Amino acid sequence: MIALVDCNNFYVSCERVFQPRLEGVPVVVLSNNDGCLISRSDEAKALGFQMGEPYHLARPRLREHNVRVFSSNYPLYGDLSRRVIRVLSEFTPEVDVYSIDESFLNLAGFRYHQPDLAAYAARIRKTVLEHVGIPTCVGVAPTKTLAKMANRLAKKQHERVLTLGTSEQQQAALQATAVADVWGIGRRYGHKLQELGLTTAADLAAMPEGWVRRHLGGVVGVRLWQELHGRPCLDFDPEALEDEPDRPSRRHSVAHTRSFGRPQSAPTVLSEAVASFVARAAEKLRRHGLAAHVLTVLVGTDRHAPTAGPKTYTAVTTLPTATDDTGTLTRAALHRLRQLLRPGTAYHRAGVVLSGLEPAGQAQLGLFTQTPEQLLRNQQLMSRLDALNGRFGKDAVRYAAAGLSNEQWAGRRQLCSPGYTTDWYNLWNIRA
DNA sequence: TCTGGGGTCCTAGGACCC
DNA sequence: TCTGGGGTCCTAGGACCC
């Protein structure tokens with residue numbers, strides 16, 4: 001059996017941990033650039049605020065209802081997320097971290113003790129709440145897709161926990177779930193399935209496999225259908241345990257992309273922005289113990305403009321050897337950026353994607369690239385860089401290519417709470 | 001004036017290779 | 001009458017997730 005633990009209104013709940021006065025009142029958290037609403041308290045949901053609603057449109061109503069509004073504070077959310085995962089790992093050796101606020105837990109050891117499962121799930125929820133202060137829902141079922149469904153239904157239960165142990169319970173859950181609400185069915189397939197006359201998840205499960213393969217994107221749909229029948233098709237990918245922290249992560253890409261505060265066309269400004277994004281992505285790479293073989297640079301024009309044609313332009317470079325070195329990655333990125341830019345075009349966003357990932361230190365050396373001595377020096381440089389920026393704040397030490405100031409292109413982030421658990425240096429200054 | 005970011009998997013055409 | 005098959009890489013896009 002698999003449990004899915006999902007934090008309720010996660011970003012709002014994180015803000016509440018450090019500002020208890022936010023309990024019981026409507027709260028929302030904005031996306032990067034203060035663009036749209038991405039987390040809402042129950043009170044804000046009850047007032048009709050929608051997920052993804054543009055902030056500038058919602059603003060008058062937010063004021064009218066005296067809703068507390070926060071820019072997103074990822075250092076805070078990331079840290080609380082790690083604390084939640086640490087608590088969860090006390091309940092099973094195998095935690096598959098699905099997102100910042102959701103983890104799957106392998107409860108295989110409980111297969112023959114069904115009645116205990118619900119009590120165990122309730123204990124997980126209670127412990128996370130007591131130790132971290134974040135409320136959760138727990139769904140338990142034989143597959144990830146059914147666990148998601150159980151979790152969804154648990155939100156409506158008083159105990160916030162639901163177990164689908166028997167096939168009768170699973171069938172009842174399938175009937176109680178709209179087909180469009182199944183994990184893996186998005187807007188497009190939701191509409192399509194309804195037009196084909198399916199209403200509930202049970203209707204979908206009852207269709208023949210061939211029909212599902214034809215109408216639901218081939219193998220992807222078949223996997224989903226199998227999972228609804230209780231046959232696991234999605235990998236369970238457990239996180240590295242605390243006693244093996246060096247095990248490299250299995251992710252396939254690392255990205256850093258941002259919208260600008262205002263459109264940019266000057267190549268120098270765009271270069272500095274991209275160099276900054278490379279630095280962020282490379283830090284993430286090193287944090288995960290990875291090196292990248294492939295680098296993609298992208299720039300984007302106005303996504304919401306009605307004009308035809310592509311909105312995103314990408315250029316891919318394959319590096320001679322996989323690397324996590326900011327300098328090497330920056331050179332490659334800026335070289336490709338120059339080829340990508342068109343004079344006079346206003347770009348609204350840019351970014352860097354690193355892929356072809358392999359464990360750092362295991363990378364094949366190139367015959368004509370760096371010597372082991374150079375490599376070692378660069379590694380030492382990067383670990384000093386990370387140590388300094390970890391202590392004094394990001395970009396305390398940076399490459400000159402990233403420029404001295406980001407004020408030209410930085411996004412808006414005007415309503416941010418302090419880094420309560422992470423930013424000791426600045427927090428000390430604030431208090432001083 | 002103002003609409004996010006980071007992921008996953010899959011498909012498809014063109015260019016190129018043997 | 002009859003014109004292969006198996007690959008890679010690049011770019012772009014679709015669909016989905018949180």
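Please read these numbers as outputs of a predicted model, since none were measured by experiment.
Within 4.0 Å (heavy atoms only), A:K144 reaches no atom of the nucleic acid at all. Residue contacts for A:R59: at a heavy-atom cut-off of 4.0 Å it reaches no nucleic acid atom on any strand shown. Using a 4.0 Å heavy-atom distance criterion, A:R258 is classed as a sugar-phosphate-only contact. A:Y98 comes within 4.0 angstrom of the backbone, heavy atoms only, and of no base. In this structure, A:I185 reaches the sugar-phosphate backbone alone: every heavy-atom distance under 4.0 Å involves primed, P, OP1 or OP2 atoms, never a base. Residue A:K284 is classed as a sugar-phosphate contact, given heavy-atom separations below 4.0 Å to backbone atoms only. The residue A:R262 sits apart from the nucleic acid: no heavy atom pair falls under 4.0 Å. In this structure, A:V254 reaches the sugar-phosphate backbone alone: every heavy-atom distance under 4.0 Å involves primed, P, OP1 or OP2 atoms, never a base. As judged by a 4.0 angstrom heavy-atom cut-off over every strand, A:V352 is placed among residues making no nucleic acid contact. Heavy atoms of A:D101 sit under 4.0 angstrom from primed sugar atoms or phosphate atoms, though from no base atom. A:S72 comes within 4.0 angstrom of nothing in the nucleic acid, heavy atoms only. Among the heavy atoms of the strands, none lies under 4.0 Å from A:F10.
Across the interface with DNA chain B, nearest-nucleotide mapping of A:S259 and A:R223 shows A:S259 to be the residue nearer the 5′ end. Nearest-nucleotide mapping onto DNA chain B: of A:V220 and A:C36, the residue sitting toward the 5' end is A:C36.
Under a cut-off of 6.0 angstrom, the local environment of NZ in A:K394 is sparse, with at most 12 non-hydrogen atoms contributed by other residues, nucleotides or ligands.
Within the structure, every side-chain polar atom (N or O) of A:T312 is placed at least 4.0 Å from both OP1 and OP2 of C:dG13. In this structure, A:T257 reaches the B:dG6 phosphate: one of its side-chain N or O atoms is under 4.0 Å from OP1 or OP2. Between A:K148 and the phosphate of C:dC18, there is a side-chain N or O to OP1/OP2 separation shorter than 4.0 Å. Taking side-chain N and O atoms only, A:R303 has a distance below 4.0 Å to OP1 or OP2 of B:dG5. Considering only side-chain N and O atoms, A:H252 lies under 4.0 angstrom from the phosphate OP1 or OP2 of B:dC9. Considering only side-chain N and O atoms, A:T318 lies nowhere under 4.0 angstrom from the phosphate OP1 or OP2 of C:dT8. Residue A:H256 places at least one side-chain N or O closer than 4.0 Å to OP1 or OP2 of B:dG6.
If you look at A:Y55 and A:F49, their ring centroids are not closer than 6.0 Å. Residues A:Y120 and A:F91 bring their aromatic ring centres within 6.0 Å.
Across all strands shown, the partner of C:dG6 is B:dC17, judged by Watson-Crick or G-U wobble contacts whose two distances both fall under 3.5 Å.
Note: CG (A:L37) to P (B:dT3) measures 14 Å, nearest angstrom. At whole-Å resolution of the value, CG in A:L4 and C1' in C:dC17 are 12 Å apart. Between A:Q50 atom CD and B:dT3 atom C1' the separation is 15 Å, expressed in whole Å. Per the geometry, OH belonging to A:Y77 stands 19 Å off P belonging to C:dC18, to the nearest Å. For A:Y74 and C:dC18, the OH to P distance is 15 Å, given to the nearest whole Å. Rounded to whole Å, atom P of B:dC9 lies 11 Å from atom CG of A:L234. Atom CG in A:D302 sits about 8 Å away from atom P in B:dC2, given to the nearest Å. Counting to the nearest Å, the P atom of B:dG5 and the NE2 atom of A:H348 are 13 Å from each other.
Counting heavy atoms from C-beta on, the side chains of A:V67 and A:R40 never come closer than 4.5 Å.
Taking the C1' atoms as reference points, C:dC17 lies 15 Å from B:dG4, given to the whole Å.
Taking the charged nitrogens against the carboxylate oxygens, A:R16 and A:E43 do have a contact shorter than 4.0 Å, which makes a salt bridge.
Side-chain contact check for A:N9 and A:S41: no donor-acceptor pair (N or O, by modelled atom type) lies under 3.5 Å. Judged purely by distance below 3.5 Å, without hydrogens or angles, the side chains of A:Q339 and A:R336 pair a donor atom with an acceptor atom.
Taking only side-chain atoms of A:A255, from C-beta outward, the nucleotide of B:dC2, B:dG6, B:dG4 with the closest atom is B:dG6. When the nucleotides B:dC2, B:dG4, C:dC17 are ranked by their closest atom to the side chain of A:S31, B:dG4 comes out on top. Side-chain proximity of A:R188 to C:dA15, C:dT11, B:dG4: nearest is C:dA15. Closest approach to the A:Y189 side chain among B:dG4, C:dC16, C:dT11 is made by C:dC16 (side chain taken as heavy atoms from C-beta onward). Looking at the side chain of A:R251, the nearest of the listed nucleotides C:dC18, B:dT3, B:dG7 is B:dG7. Side-chain proximity of A:W183 to the nucleotides C:dC10, C:dC18, B:dT3 is greatest for C:dC18.
Rounded to the nearest 0.5 angstrom, A:L22 CG and A:R68 CZ are separated by 6.5 Å.
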